[in-house]
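Within every chain, numbering begins at 1; the chains are lettered A, B, ... in the order of the sequence lines, protein sequences first and strands thereafter.
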Amino acid sequence: MGCDAGAVAAAIREAAAVITEHRDELVRLDQAIGDGDHGENLKRGFGFVVARLDESTPDTPAAVLKLVATTLISKVGGAAGPLYGTAFLRAATALGDGPELTPELISTALRAAVDGVVARGKAEVGDKTMVDALVPAAKAQGSTVGEVLRAAADAAEAGAESTVPLVARKGRASYLGERSAGHLDPGARSSALLLRSFADST
Amino acid sequence: MGCDAGAVAAAIREAAAVITEHRDELVRLDQAIGDGDHGENLKRGFGFVVARLDESTPDTPAAVLKLVATTLISKVGGAAGPLYGTAFLRAATALGDGPELTPELISTALRAAVDGVVARGKAEVGDKTMVDALVPAAKAQGSTVGEVLRAAADAAEAGAESTVPLVARKGRASYLGERSAGHLDPGARSSALLLRSFADST
Amino acid sequence: MKKIINDPTTIVADALRGMALAHPGLLRITEDPAVVARADAPVRGKVAIVSGGGSGHEPLHGGFVGPGMLDAACPGAVFTSPTPDQVQAAVTQVDGGAGVLLVVKNYTGDVLNFETAAELVAADGIDVRTVVIDDDVAVRDSTWTAGRRGVGGTVLLEKIVGAAAESGADLDTCERLARAVVGNVRSMGIALTAPTVPHVGEPSFTLAEDEMEVGIGIHGEPGRSREPLADADAIVAALLDPILDDLPFAEKSRVLLFTNSMGGTPLLELYLAHGIAERMLAERGITVERRLVGPFITSLEMQGMSLTLLRLDDELTALWDAPVRTAALRWGA
Amino acid sequence: MKKIINDPTTIVADALRGMALAHPGLLRITEDPAVVARADAPVRGKVAIVSGGGSGHEPLHGGFVGPGMLDAACPGAVFTSPTPDQVQAAVTQVDGGAGVLLVVKNYTGDVLNFETAAELVAADGIDVRTVVIDDDVAVRDSTWTAGRRGVGGTVLLEKIVGAAAESGADLDTCERLARAVVGNVRSMGIALTAPTVPHVGEPSFTLAEDEMEVGIGIHGEPGRSREPLADADAIVAALLDPILDDLPFAEKSRVLLFTNSMGGTPLLELYLAHGIAERMLAERGITVERRLVGPFITSLEMQGMSLTLLRLDDELTALWDAPVRTAALRWGA
Ligand SMILES: Nc1ncnc2c1ncn2[C@@H]1O[C@H](COP(=O)(O)OP(=O)(O)O)[C@@H](O)[C@H]1O
Ligand SMILES: Nc1ncnc2c1ncn2[C@@H]1O[C@H](COP(=O)(O)OP(=O)(O)O)[C@@H](O)[C@H]1O
Ligand SMILES: [Mg+2]
Ligand SMILES: [Mg+2]
Ligand SMILES: [Mg+2]
Ligand SMILES: [Mg+2]
C-alpha cells in the first residue's frame, strides 16, 4: 500500500472509528479530573471530519490533514479542539504538497505538530497533558512510514501512562492540585489512541 | 381535681406535649397524602399557646380556650390552623363565663366546636378529614367530665381509623383521588390525639 | 437534606431578612407578622393588591411586590398558607383608601385563612374583595375534590391586575379583570424529582430514575399519575393537551405562553421545552403573542416544569405590557 | 438522568430555538454556527462586546445579550468552549466599526479558541481586543495551574463594559474598564450536589448526603476540598473569607455583592445566604452599595452558590446603574 492522499484519508477514517469506540473511556477519564467532555467532543469533531471526507477527498496528504485541522478547530471547542487542530495544521504545512508520504516527511510532520501544540498550550513534559504523550512521540525515527508511526505510538503510550502519578499543572485538571494524581490524563490517552491507530493503518 | 381555668390550662399544656411527641408521625401521615407540614404546624402553634399561657393564665375555662383559638388562628396557617382555631373559639363561646366545667357544658362545647369546623370547612363525614373523627366525638355523653371526654376520645379514635380506606374529597389529599385510599388522615389523627389527651388529663 | 440554611424553623424569617437587604429601595419587610410590602406603600387613592401563600415558591409572591404588581405579599411557613393576622397586617400597611383585592390560590388552607382575614379587615371598614385562582387542569372532577389548585396563572393574574391598579383602575375593575384572567388561564405541571421541605428533611415523595409525576402541584403533592420518563416532545404534549382540551382555545386564539421551571430544572431545558410548546401551538393555529420563560412559581428545588396558557384580548395584552418594577419581573420602569 | 430534553447531542441548538422564540424583539439567533446577537446589531459606531463559553451556565451568556450589555454571545456545547468560527461569525454580525472587545473566562479551552478567533478577526481588519477574566479565588498557586477560573465576576464585567459601550465609550475605554473590573472582583463557590452533563448521563462527581465541595468551579470540576456539610453561617464565611483575604477590601470599601445560585439552590436559600453575607460584611465595616441576587451563572442543576465581591468606585457604580435590557437582567429600559 502506498502513502498517498487516499491512504491518509483512510487512516483518518480509521482514527475516527477508534475515537468513537473509545468515546466513553475518554469521557470517564475526563470526568475524573476534568469536565467529562473530551470523548464526546473528539467524537463529534471526527464525525464531521468523516462527513467532509465523504463529500470530497482532497488530493494530497497535506490537503487531507488541513481538512482535518480546520474541521477540528471549527467543531470541537474546548482545549483539545484548538490543540489538535494546530497539530494537524502544522503537520499539513510541514508535508508540503507532494503526493506521497515518506518516513522523513512523517518524522518532520510529527515534530512540527508537537511543536505547534507546545507553542499553543505552553505545557511542558510533566504537566500531565497530551504533551507528555506527544513530545516523546515526536522523536520517532524509522526506515518506513510504518516504523516511524509504530515508534511514535509506542512512545506516546508510554508517555500517556507516565501521566498517571503526576499532579496536573495545565488544563482543567490543574484546579484539582494533588487530587489529580493517580489518574490517566484524557488528552494524553487520546493522543496515544490516535497515533496507535495511524500506526495500525499502515 | 376540679375543672377550673387552671385545670383546663394544664390539659392544654398536656395536649401541647402530646402534639410535640407525635409531630413526626403527623408529618409522615401528611407527607403520604398531603404536603408534610401538619405535625410541624401544630407543634409550632401549640408551642406559642404554651408560651402565652406562661405569660398569664386566663381566669375562666372559656378564656383559656379563647387564647388557644386566637393563637392557633394567628400562628398555624394551613387548613388546620383556621379549623382548629374555629373549633376552640366556638367551644369557648359555648362555655360562657362560668368558673367550672360540667359534663353538660363539655358536651355542648364539643358540639359547638365540631359544628364550627363543619361550617368552616364544609366537609362531611366520609370525606376523609378531621370531621370523620370529630362528628362522632361530638355525640359523646356522660355523667362526669372525664366520662364525656373518654367517650369522645374513643369515638374520635374509631372515626380516625375509619378514614384509612376512604378516598379524600376535601383538603389537599383530594388531589390524589384513588391514591389517597389506604392512608390515615393526618387531621383526623391529630383530632383523636387531642381528645385522648384531654380525656387523660381529667 | 442538602440546604443552605441555619435552622429549619427560622428559614422564612432568615430569608426575608436577606430579601430586605437585597432590595432596599423597593421593599419594606416586617418579620412578625411576616409581610413584604412596597417601599412606597400605601399609595393614596390606588387599589391595593395583596396576595400570599406558603413559602418555597419563590419568587412568588414576594418577588412580585412593587410598582405595577403587588402592594404586599404574605409569606407563610414553607408550603403553609399564611395566617389571617399576617394578611390583616399587610392590608393595614398598604390600604390606600381605594379598597383592597386579595389574590388567593385555591387551597383549603389559603382560602380559609384569607377568608378569616377578609372578615377581620372588613370589620375595620376596608372595602375588601377576594379572587380565588384555580387554573390547574391536572385536578379532575373538581366537584369531588377541594377543586383545582392555583398555580402558574397566579403570576399572570398578579401582573395584569397590578398594572390595572397602578394605572388607576377602581376596585370593581380590578376584580372584574382578575375574574377575566381566572376564566381564561389554564396550567399543568410535571415533576422529575421531589422537593424536600426543610422541617421534614426528606423528599416529599420518591420517583425512580426513569419515572416522572404528571399533573404535579407546587407543594410536592403527588400528581395525576406516575409515568415513565419521556422525552421533551412527549412531556410538552402531555402538558399542553389537557390545557387545550379544557379551555376552548380555538384556531387564531391569541395567547400568552408561560413556560415555568419548578426550580431545579435549568434554563437550558426550559428554553428547549418552550420552543417545543411554541411549535406545537403554531401547528394548531394558535398565535403566541406574549411569553414568559423562567422559574417564577417554584417548588423549592424540585426538577420539573409547568405550562400556563392565557387567552389574550387587547385589554389584557396592554396590561401585560404595562411597566412593572419588582424583584423578579421588571420592564418599562 | 432526569432532564427535559429530546437528544443530548442537539440540546444546545434545541434550546436556542426556544430562546429565539421567547425573545423575538430582543434577540437574533443563528444555529450554525451558534450565535445569539442583539436584534438591532450591528449598532453603527458602537464598540461591540462579545462573549461566550460552554452552555449549561444559563442565563450566562445569551441571557445577557441586549442593549446595555453584550452584542453577541457564542454558546458552545455543554461545558465546552465555543469554536473560533462561532466567535468569528458573532464578531462579523455585530461589528459596528468601532472595534470589538472579547470577554473570555480563563479556561484553557476558552482562551485558546478565542485566541484563534481573534487572529481570524484581526486578519479581517477588525480592531479586536481580548480581556480574560479570572476571579475565582478557589484556585490557589495560579503559577502552578491553568490559573484562576472566570466565574461570577464575568456577569458584572459584562454589565459594566456593556453600559460603557452603549454610552459611546471607545475601545480603549472599554478595555480599560474591563481590566478595572478584573482587578477588583473576586469570587468563590461551593456545591452541595453535582451537575449531570447530558452527554455523560451521570453526575460529574459524587457527594455524600453530609458533604459539600468547597471552591467548586462551574463545570462540575471538583473544588478545593471536600468538607462536612455546614450550616449557612459557616458556608457564607467559607466563601467570604478567602475573597476578603485576597483583595485588599478595607474598612469603608464600597462593594457590589453578588449572591449567585449554581442553579439547583432555591431563591429562599439564596436570600437567606445573602442576608448573612451582608451582615458579615457590615461587621467588617465594608459597605454594600449594590447587590445582585439570583441564578445568573449556573452549572446546570447543581445545588450550591457563589459569592462575588466587586470593589466599586463612582465610575463603576454609575455604569452598573445604567439601563440594561436583556433576557436576564433588565432595568431602567
Ligand atoms: N495547556 C495545555 N497544553 C496541552 N494540552 C492541554 C493543555 N490544557 C489541556 N490540555 C489537554 O486537553 C485535555 C482536555 O481536553 P478537553 O476535555 O477537550 O478540554 P476541556 O478541558 O476544555 O474540557 C487534557 O486532558 C490535556 O491533555
Ligand atoms: N375542608 C376541610 N374540612 C375539614 N378538615 C379539613 C378540610 N381540609 C383539610 N382538612 C383537614 O386538614 C388536614 C391537613 O391539615 P394541614 O396539613 O395543616 O393543612 P394543609 O393541607 O393546608 O397543609 C387534613 O388531614 C384534614 O383532616
Ligand atoms: Mg474536558
Ligand atoms: Mg399539610
Ligand atoms: Mg400546608
Ligand atoms: Mg470542556
Side-chain angles (χ1 to χ4, degrees), chain C residues 1-7 11-12 14-23 55-56 58-59 63 78 192-193 207 209 212 229 231-233 235-236 259 263-279 288 291-293 295 298 300-301 303-305 325 327 330-331 333, chain D residues 1-7 11-12 14-23 55-56 58-59 63 78 192-193 207 209 212 229 231-233 235-236 259 263-279 288 291-293 295 298 300-301 303-305 325 327 330-331 333:
Chain C
M1 172 177 56
K2 297 212 143 176
K3 298 200 182 278
I4 303 174
I5 58 174
N6 283 331
D7 175 351
I11 182 170
V12 173
D14 293 348
L16 289 178
R17 215 164 305 128
M19 191 179 196
L21 289 163
H23 306 288
S55 292
E58 289 67 29
V78 172
L192 306 186
T193 62
L207 280 172
E209 192 49 32
M212 60 183 188
L229 184 59
D231 67 13
D233 280 340
I235 287 174
V236 171
T259 304
T265 284
L267 211 45
L268 193 71
E269 294 170 41
L270 206 63
Y271 275 126
L272 189 152
H274 179 79
I276 296 170
E278 288 227 15
R279 190 193 74 219
V288 179
R291 48 282 276 181
L292 181 66
V293 184
T298 63
L300 294 169
E301 67 280 86
Q303 289 187 350
M305 63 170 291
R325 185 160 67 85
R330 185 160 175 171
W331 55 75
Chain D
M1 173 178 54
K2 297 212 143 176
K3 298 201 181 275
I4 303 174
I5 58 174
N6 283 331
D7 175 351
I11 181 170
V12 174
D14 293 347
L16 288 178
R17 216 164 304 127
M19 192 180 195
L21 289 163
H23 306 288
S55 292
E58 289 66 29
V78 172
L192 305 187
T193 62
L207 280 173
E209 193 49 32
M212 61 183 189
L229 183 58
D231 67 14
D233 280 339
I235 287 173
V236 171
T259 304
T265 284
L267 211 45
L268 192 70
E269 293 170 41
L270 206 62
Y271 275 126
L272 189 151
H274 179 80
I276 295 169
E278 289 226 14
R279 191 194 73 219
V288 179
R291 47 281 277 180
L292 181 67
V293 183
T298 63
L300 294 169
E301 66 280 85
Q303 290 187 350
M305 63 170 291
R325 185 160 67 84
R330 186 161 175 171
W331 55 75

**Student:** Sort C/Leu21 into side chain, backbone, both or neither according to what part of it lies under 4.5 angstrom from a heavy atom of chain D.
**Tutor:** both
**Student:** Measure C/Gln303 against the heavy atoms of chain D and call it side chain, backbone, both or neither at under 4.5 Å.
**Tutor:** side chain
**Student:** Chain D heavy atoms under 4.5 Å from C/Thr298: which part of the residue, side chain, backbone, both or neither?
**Tutor:** neither
**Student:** Picking from D/Asp14, D/Leu300, D/Leu192, which has the most non-hydrogen pairs under 4.5 angstrom with chain C?
**Tutor:** D/Leu192
**Student:** Top residue by heavy-atom pair count (under 4.5 Å) with chain C, among D/Ala22, D/Ala20, D/Gly263, D/Pro59?
**Tutor:** D/Ala22
**Student:** Identify which part of C/Ile11 has an atom lying under 4.5 Å from any heavy atom of chain D, answering side chain, backbone, both or neither.
**Tutor:** both
**Student:** Any idea which of D/Arg325, D/Met212, D/Glu209 has the most non-hydrogen atom pairs under 4.5 angstrom with chain C?
**Tutor:** D/Glu209
**Student:** Please give me the minimum heavy-atom distance between D/Lys2 and C/Leu207, naming the atom from each residue.
**Tutor:** NZ-CB, 3.5 Å
**Student:** Pick one of side chain, backbone, both or neither for C/Ala327, based on which atoms fall under 4.5 Å of a heavy atom in chain D.
**Tutor:** side chain
**Student:** Which one of D/Ala232, D/Gly264, D/Gly18 has the most heavy-atom pairs closer than 4.5 Å to chain C?
**Tutor:** D/Ala232
**Student:** Decide side-chain contact (heavy atoms from CB on, under 4.5 Å) for C/Ile5 and D/Glu269; before the verdict, give the C-alpha distance in whole Å, the side-chain angles of both, and the deciding distance to 0.1 Å.
**Tutor:** CA-CA 6 Å; C/Ile5 58 174; D/Glu269 293 170 41; 4.2 Å; yes
**Student:** Please report the C-alpha distance between C/Glu278 and D/Arg17 in whole Å, then the side-chain angles of each, then the deciding distance to 0.1 Å, and finally whether the side-chain contact (heavy atoms from CB on, under 4.5 Å) criterion is met.
**Tutor:** CA-CA 10 Å; C/Glu278 288 227 15; D/Arg17 216 164 304 127; over 6 Å; no
**Student:** Out of D/Leu267, D/Ile4, D/Asp231, return the one with the most heavy atom pairs under 4.5 angstrom to chain C.
**Tutor:** D/Ile4
**Student:** May I ask you to name which of D/His274, D/Met19, D/Met1 has the most heavy-atom pairs under 4.5 Å with chain C?
**Tutor:** D/Met19
**Student:** Measure distances from C/Ala273 to the heavy atoms of chain D and classify the residue's part below 4.5 Å as side chain, backbone, both or neither.
**Tutor:** side chain
**Student:** Heavy-atom distance under 4.5 Å to chain D: side chain of C/Val288, backbone, both or neither?
**Tutor:** neither
